[in-house]
Amino acid sequence: MSSSSLSPGGGRLSGSDGDSGATFSAGDNRREKRRLSNRESARRSRLRKQQHLDELVQEVARLKAENARVLARANDITGQFVRVDQENTVLRARAAELGDRLRSVNQVLRVVEEFSGVAMDIQEECPPDDPLLRPWQIPYPATAMPIAATATHMLQY
């Protein structure tokens with residue numbers, strides 16, 4: 001060992017002993033290649049990880065935008081539902097009022113018919129085939145429970 005120096009790993013870097021230095025340098029070359037290969041593999045892995053993270057960030061942004069659109073649509077539909085429900089309530093009340101007025105007018109006509117002896121054409125019921133001509137006879141009681149739906153249920157399909 002007089003003319004050679006030791007490497008930090010305990011092997012010889014170079015020497016005058018002939019072939020023994022060449023085998024260590026071949027091992028060093030393999031280690032260096034492996035180290036470079038590992039670095040490149042780690043770099044590719046980091047790039048893939050960063051690319052995946054970027055894709056996830058884009059997906060989050062896209063989903064947030066889609067959620068905002070769906071929420072806006074749900075709010076619009078809820079507003080329309082509230083307006084239609086209020087209009088239905090007003091129309092049902094108006095239909096009940098008109099039905100009461102019709103019954104009242106029919107009672108007056110019966111009294112007039114009874115005392116005058118003149119036949120009055122009092123039509124209590126409309127033809128059964130046209131329910132639109134009998135708005136005071138709502139097919140479902142006004143006290144029936146309305147169909148309740150939330151925006152999440154309405155947007156399932």
Side-chain angles (χ1 to χ4, degrees), residues 7-11 23-157:
S7 71
T23 54
F24 279 113
S25 83
D28 289 342
N29 283 343
R30 274 182 282 170
R31 254 185 269 140
E32 185 64 24
K33 283 182 183 179
R34 185 70 184 145
R35 187 172 33 240
L36 290 175
S37 175
N38 285 346
R39 280 185 189 163
E40 181 61 24
S41 178
R43 186 185 69 78
R44 285 191 310 265
S45 177
R46 285 190 302 271
L47 286 175
R48 279 193 308 270
K49 188 175 183 180
Q50 183 63 45
Q51 183 180 13
H52 183 65
L53 181 63
D54 292 343
E55 290 172 0
L56 290 176
V57 167
Q58 290 175 353
E59 180 79 4
V60 165
R62 186 187 65 78
L63 289 174
K64 282 183 178 181
E66 184 178 347
N67 282 346
R69 283 191 303 273
V70 168
L71 182 61
R73 180 75 174 129
N75 288 337
D76 289 344
I77 290 171
T78 300
Q80 290 173 2
F81 170 76
V82 168
R83 285 189 296 278
V84 168
D85 190 44
Q86 289 171 346
E87 185 179 343
N88 280 344
T89 301
V90 169
L91 290 174
R92 283 189 180 108
R94 182 74 177 141
E97 177 188 343
L98 289 174
D100 291 344
R101 289 175 68 185
L102 179 63
R103 282 187 285 284
S104 180
V105 168
N106 282 344
Q107 286 176 350
V108 169
L109 286 176
R110 279 193 199 91
V111 170
V112 169
E113 182 181 50
E114 196 175 302
F115 285 108
S116 71
V118 177
M120 300 278 176
D121 187 23
I122 303 172
Q123 191 173 13
E124 287 287 333
E125 292 187 27
C126 292
D129 55 42
D130 193 0
L132 293 178
L133 296 177
R134 297 171 292 158
W136 59 91
Q137 293 177 345
I138 299 172
Y140 301 102
T143 59
M145 293 295 291
I147 297 173
T150 62
T152 55
H153 291 109
M154 292 172 25
L155 297 175
Q156 281 182 344
Y157 303 101

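Atom set for the values below is all heavy atoms of this structure, side chains included, hydrogens, waters and symmetry mates excluded.
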>> Would you say that E59 contacts R62 through its side chain, given a criterion of any heavy-atom pair below 4.5 Å between the two side chains?
In response: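 They are in contact (side-chain heavy atoms under 4.5 Å apart), so the answer is yes.
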>> Just so I know, are the side chains of L98 and R101 near enough to count as touching, which here means a heavy-atom distance under 4.5 Å?
In response: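 Touching, per the 4.5 Å side-chain cut-off.
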> Pick one: which of E40, K33, R34 meets side-chain contact (heavy atoms from CB on, under 4.5 Å) with S37?
Replying inline: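 Going through the options one by one, the only one that passes is R34.
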Quick one: [atom1] on [X] to [atom2] on [Y], what's the gap to the nearest 0.5 Å?
X	Y	atom1	atom2	value
R69	N67	CZ	CG	9.0 Å
D85	T78	CG	OG1	12.0 Å
N106	E113	CG	CD	10.5 Å
S25	E32	OG	CD	12.5 Å
I77	Q80	CD1	CD	6.5 Å
E66	R73	CD	CZ	14.0 Å

>> Could you tell me if Q50 and D54 have a donor-acceptor pair between their side chains, going purely by distance under 3.5 Å?
In response: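 Yes.
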> Under 3.5 Å, is there a donor-acceptor pair between the side chain of S45 and the main chain of S41?
Replying inline: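 No: the side chain of S45 does not pair with the backbone of S41.
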> Could you go step by step and tell me if K64 and V60 meet the side-chain contact (heavy atoms from CB on, under 4.5 Å) rule?
Replying inline: CA-CA 6 Å; K64 282 183 178 181; V60 165; 3.8 Å; yes
>> Would L47 and Q51 count as a side-chain contact (heavy atoms from CB on, under 4.5 Å) here? Give the steps.
In response: CA-CA 6 Å; L47 286 175; Q51 183 180 13; over 6 Å; no
>> Whether R103 and D100 form a salt bridge (side-chain N of Lys/Arg under 4.0 Å from carboxylate O of Asp/Glu) is what I want to check.
In response: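 Salt bridge flag = yes for R103 with D100.
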> If you measure from the Lys or Arg side-chain nitrogens to the Asp or Glu carboxylate oxygens, is any gap between E87 and R83 under 4.0 Å?
Replying inline: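 No salt bridge links E87 with R83.
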